Amino acid sequence: MPGPGVPLRQSPTSPRRSPPRSHPSPSPPQPGTTTTTPNPSNNGSLSPRAPISLQAPSQRKNPTKSNKILTRVRSVFRSFPIVSPTCRIPMSGRLNDGHVHGGTRITGTLFGFRKARVNLAIQENPRCLPMLLLELAIPTGKLLQDMGLGLVRIALECEKHPSEKTKLIEEPIWTMYCNGKKTGYGIKREPTDDDLSVMQMLHAVSMGAGVLPSGQGVETPDGELTYMRAFFERVIGSKDSQTYYMMNPDGSNGPELSIFFVRI
């Protein structure tokens, strides 16, 4: 033990450690709020898809018995011009102030990559989901080029099966003729996410043509993504025949494109 007057030596002490901090646990989301979770697969190279705000087509009521009789009588006269896909259909007398007599105005869009098969989307209006989507056996660029040279007539035929009660536009596959020449087949399919993205980008366009961004910013082997949108006049001849006339905006010189659906 040290003598008097000698200070006591203090033993070295270890530095004080602060108690570990406790991180607050994440609170559950409050009602009415949404939380965003980062997507590890999105590295910034892909452009995010716009949310789809398209509406479902309206459900039309079934026609009454009197309307069915009138439709059958009128269908006798309407079905004659579209029996043969190679026949020449005169447009004189059909147009009345830019409209086809007895037709219903709808929206039609031709879109696709220039070197790939063209797609045809039929909608009640630009803000509705497609009620019919067909993939046609002709390149998009070729069809748009032919339409620029003159009237194009596309006939789509399928076989009639008496035992089946499938609606005409619900048929899955069609034999396709373009201006009287067999070109392959038209296939009905469900819209993909890419198809709906195209429809969403065009939801504010009533008519027009142009090039759409592909989302990657790079050229593809199939060329640019092009589109053409216009009003169509749909004429229902019978349960086995329908005609879609693509109308010019000014209503002159008749339609540039006519599409005939025939079940024989």
Side-chain angles (χ1 to χ4, degrees), residues 57 75 78-91 94-95 98-112 117-126 130-160 166-189 191 195 199 207 209 226-249 251 253-264:
S75 67
R78 291 180 182 169
S79 58
F80 287 129
I82 59 177
V83 171
S84 174
T86 59
C87 65
R88 298 182 59 86
I89 304 173
M91 294 305 303
R94 287 182 175 271
L95 294 178
H99 298 279
V100 177
H101 178 69
T104 302
R105 173 164 289 190
I106 58 177
T107 299
T109 308
L110 298 167
F111 68 96
R117 292 162 62 110
V118 67
N119 301 288
L120 170 65
I122 300 296
Q123 303 165 271
E124 282 190 2
N125 59 68
M131 57 184 179
L132 175 63
L133 181 62
L134 287 176
E135 183 177 325
L136 304 178
I138 183 172
T140 306
K142 179 66 166 57
L143 177 60
L144 297 181
Q145 181 182 5
D146 291 346
M147 291 174 60
L149 298 176
L151 174 62
V152 176
R153 297 181 178 91
I154 293 177
L156 299 169
E157 286 187 355
C158 69
E159 295 183 0
K160 182 190 299 186
T166 305
K167 293 183 178 180
L168 184 65
I169 62 173
E170 297 295 331
E171 294 287 350
I173 188 169
W174 303 79
T175 302
M176 178 177 168
Y177 298 85
C178 185
N179 287 340
K181 181 180 179 181
K182 184 176 180 180
T183 58
Y185 296 92
I187 300 174
K188 180 183 181 297
R189 59 181 180 82
D195 297 327
M199 297 295 101
M207 61 181 62
T226 59
Y227 78 94
M228 175 179 286
R229 168 168 286 181
F231 290 119
F232 279 69
E233 293 284 342
R234 178 180 61 185
V235 179
I236 300 177
S238 67
K239 65 178 182 179
D240 296 322
S241 65
Q242 291 186 19
T243 308
Y244 293 78
Y245 298 103
M246 179 178 172
M247 310 308 297
N248 286 327
N253 299 327
E256 298 177 354
L257 174 66
S258 300
I259 303 175
F260 308 96
F261 293 84
V262 184
R263 185 160 49 188
I264 57 178

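Nothing here was measured: the structure is a model prediction, and the numbers come from that model. Side chains included, hydrogens not; waters and symmetry mates left out as well; all remaining heavy atoms used.
Every residue meeting the side chain to side chain contact (heavy atoms under 4.5 Å, CB included) condition with E159, not counting sequence neighbours, appears here in chain and number order: H161. Every side-chain hydrogen bond (donor to acceptor under 3.5 Å, both in side chains) that E135 has, sequence neighbours left out, goes to R117, R189. In this structure T175 satisfies the side chain to side chain contact (heavy atoms under 4.5 Å, CB included) test together with Y177, K182, Y185, sequence neighbours excluded. Residues satisfying the salt bridge (Lys or Arg N to Asp or Glu O under 4.0 Å) test with K239, not counting sequence neighbours, are none. Under the ring pair (Phe, Tyr, Trp, His ring centres under 6.0 Å) criterion, Y244 pairs with F261, not counting sequence neighbours. D240 meets the salt bridge (Lys or Arg N to Asp or Glu O under 4.0 Å) test with K160, R263; sequence neighbours excluded.
Atom CD of E233 is separated from atom OG of S258 by 11.5 Å, given to the nearest 0.5 angstrom. The line from CZ of F232 to CG of L120 is 6.0 Å long, rounded to the nearest 0.5 Å. Atom CE of M147 sits about 6.0 Å away from atom CG of L110, to the nearest 0.5 Å. Within the model, atoms CE of M207 and CE of M246 stand 9.0 Å from one another, a figure rounded to the nearest 0.5 Å. I236 CD1 to I169 CD1: the interatomic distance, rounded to the nearest 0.5 Å, is 8.5 Å. Between D146 atom CG and N179 atom CG the span is 7.0 Å, to the nearest 0.5 Å.
Across all non-hydrogen atoms, the minimal contact from M199 to A121 is SD-CB, 4.0 Å. Contact detail for P191 and L133: the closest heavy-atom pair is CA-CD2, 3.6 Å. The shortest non-hydrogen separation linking Q123 to P130 is CG-CA, 3.8 Å. Of all heavy-atom pairs spanning V235 and Y245, the tightest one is CG2-CE1, 4.0 Å.
Side chains of R234 and T104: no donor on one and acceptor on the other come within 3.5 Å.
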Between M228 and L144, is a side chain to side chain contact (heavy atoms under 4.5 Å, CB included) present by the stated rule, with each step listed?
-> CA-CA 8 Å; M228 175 179 286; L144 297 181; 4.0 Å; yes
Between T109 and N119, is a side chain to side chain contact (heavy atoms under 4.5 Å, CB included) present by the stated rule, with each step listed?
-> CA-CA 8 Å; T109 308; N119 301 288; over 6 Å; no
What's the verdict on side chain to side chain contact (heavy atoms under 4.5 Å, CB included) for Y227 and T140, showing C-alpha distance, side-chain angles and the deciding distance?
-> CA-CA 9 Å; Y227 78 94; T140 306; over 6 Å; no
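In this structure, the side chains of I138 and M176 come closer than 4.5 Å at one or more pairs of heavy atoms. Considering only heavy atoms from C-beta on, F260 comes within 4.5 Å of R153 through its side chain. Side chains of V262 and L156 form no contact here, defined as non-hydrogen atoms less than 4.5 Å apart.
Using a 4.0 Å cut-off between charged nitrogen and carboxylate oxygen, K188 and E171 do not count as a salt-bridge pair.
Results of the side chain to side chain contact (heavy atoms under 4.5 Å, CB included) test with I122 over L134, T107, L132 single out L132 as the only residue that passes.
In this structure, T226 contributes its side chain and G112 its backbone to a donor-acceptor pair below 3.5 Å.
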